[in-house]
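Step one of this worksheet: look at the structure below.
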Amino acid sequence: MSAPSILLSIASGVAEITFNRPDKLNSFTAAMHVELRAALDQATADRSVRALLITGAGRGFCAGQDLADIIDPATGKPGSVNSTLADDYNPLVKRLQSLPIPVVCAVNGVAAGAGANLALACDIVLAAKSASFIQAFAKIGLVPDSGGSYFLPRLIGSARAMALCMLADKLPAEQAAQWGLIWKTVDDAELMSEARSLARHLASQPTAALGMIKQMVHASGGNTLAQQLDLELKLQIDATGTHDYAEGVGAFLEKRKPAFQGK
Ligand code: T3D
């Protein structure tokens, strides 16, 4: 039996998902998408889970689509991309963005093609100093997908986005952090301990409010100021209705550590 291409562990309020095809730099096959959906279903059904951490096994994070997996055996040529984008990558990006819990990504090595853009779909991205990001698509005659053409201009501006996409050059993680593409870099040896500690910290926080923060930050790109103020008002009213708001204020006034429940 072959090894699972997705690993899932749940502990301390954190679901940790590891892309696990290290010999192929964790590039995605159709079967791996099926396993990932099942892992996300299991994680989100578990009421103890209040943060998600995504990483890759081995020396790569994810090299995007497995290019061997899309070869049509009948023709020996790449098959239609329509179904994999429509059925796999696009729903995955939308799901990561709409999960009501924080999603941390620990980019442990090269993140290429859809692999780079899946990382950008996460909420807080840490990368090993030796990691890199490559919009590899143009090298094989494709255009960015999995949200790359959406995330890149918003995060680093059109000039840098355009050059990265057209040249398909490797962007070292430290440069990515300086440009604001990701949150920060970490020494390679410290990446997983720091990412796990961050995810555990987030899971102990008022995660209902963190989910609302995610919603408002995502909405801001398409909203006018007036619309965004209305959304802030609505979500702040929702936040004031949570247990964690009462707990946070109470703990502050009583000078004690709050015990948040994520509701
Ligand atoms: O259906 C559709 O096509 C639409 C969906 C598109 C989404 C996409 O993601 S398109 C973009 C696909 N990804 C790429 O084009 C990246 C291809 N990989 C690379 O350019 C390089 O591997 C890297 C720059 C990422 C890393 O280079 P390097 O030198 O560190 O490693 P390597 O030797 O190239 O790769 C190591 C192994 O992984 C190697 O296997 P082998 O020879 O040892 O058996 C290599 O073939 C394999 N590998 C890496 N990336 C892929 C892959 N195998 C299949 N598909 C890959 N994407």
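Atoms within each ligand, like the ligands themselves, are counted from 1 in listed order. Because only heavy atoms are used, hydrogens play no part in the values below, and waters and symmetry mates are left out as well, while side chains stay in.
- Taking the six-membered ring where tryptophan is involved, the planes of F19 and F28 are perpendicular, since the angle between them exceeds 60° and thus also 30°.
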Query raised in the report: So R59 and D188, salt bridge (charged side-chain N to carboxylate O under 4.0 Å, His left out) or not? Walk me through it.
Result: CA-CA 11 Å; R59 72 177 178 88; D188 287 23; over 6 Å; no

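- Here the straight-line distance linking atom CZ of R21 with atom CG of D69 works out to 7.0 Å at 0.5 Å rounding.
- Using a 4.0 Å cut-off between a side-chain N of Lys or Arg and a carboxylate O of Asp or Glu, R37 and D41 do not qualify as a salt bridge.
- The distance criterion of under 3.5 Å between nitrogen or oxygen atoms is met by A63 with respect to ligand 1.
- The protein does not reach atom 29 (O) of ligand 1 closely, with no heavy atom under 4.0 angstrom from it.
- For ligand 1, the atoms lying closer than 4.0 Å to a non-hydrogen atom of G64 are 9 (O).
- Not a single heavy atom of N117 sits closer than 4.0 Å to an atom of ligand 1.
- For the side chain to side chain contact (heavy atoms under 4.5 Å, CB included) with L40, the qualifying choice from L8, I6, I17 is I17, the only one to do so.
- Only the side chain of F137 comes within 4.0 Å of ligand 1, judged by heavy-atom distances.
- Counting only heavy atoms, the protein never gets under 4.0 Å from atom 46 (O) of ligand 1.
- The distance criterion of under 3.5 Å between nitrogen or oxygen atoms is not met by A136 with respect to ligand 1.
- There is a protein heavy atom closer than 4.0 angstrom to atom 55 (N) of ligand 1.
- Between R256 and E247 there is a salt bridge, with a side-chain nitrogen of the basic residue lying less than 4.0 Å from a carboxylate oxygen of the acidic one.
- Less than 4.0 angstrom separates atom 22 (O) of ligand 1 from at least one non-hydrogen atom of the protein.
- Of all the heavy atoms of I70, the ones lying under 4.0 Å from any atom of ligand 1 belong exclusively to the side chain.
- With a 4.0 Å cut-off on non-hydrogen atoms, D69 does not touch ligand 1 at all.
- Summary of contacts: the protein heavy atom closest to atom 34 (O) of ligand 1 is L25 CD1, 4.9 Å.
- Using a 4.0 Å threshold on non-hydrogen atoms, atom 14 (C) of ligand 1 counts as touching the protein.
- Residue I134 has at least one heavy-atom neighbour below 4.0 Å for each of these atoms of ligand 1: 24 (C).
- Residue-environment remark: CD (Q261) exceeds the threshold of 12 foreign heavy atoms within 6.0 Å.
- Within a 4.0 Å radius of atom 42 (O) of ligand 1, the protein contributes no non-hydrogen atoms.
- Only the side chain of T84 comes within 4.0 Å of ligand 1, judged by heavy-atom distances.
- Residue nearest to atom 33 (O) of ligand 1, selected from R59, Q65, K24: R59 (by heavy-atom distance).
- Within the 4.0 Å cut-off (strictly below), a protein heavy atom is located near atom 2 (C) of ligand 1.
- Residue R47 places its CZ atom among 12 or fewer non-hydrogen atoms of other residues, nucleotides or ligands, all under 6.0 Å distant.
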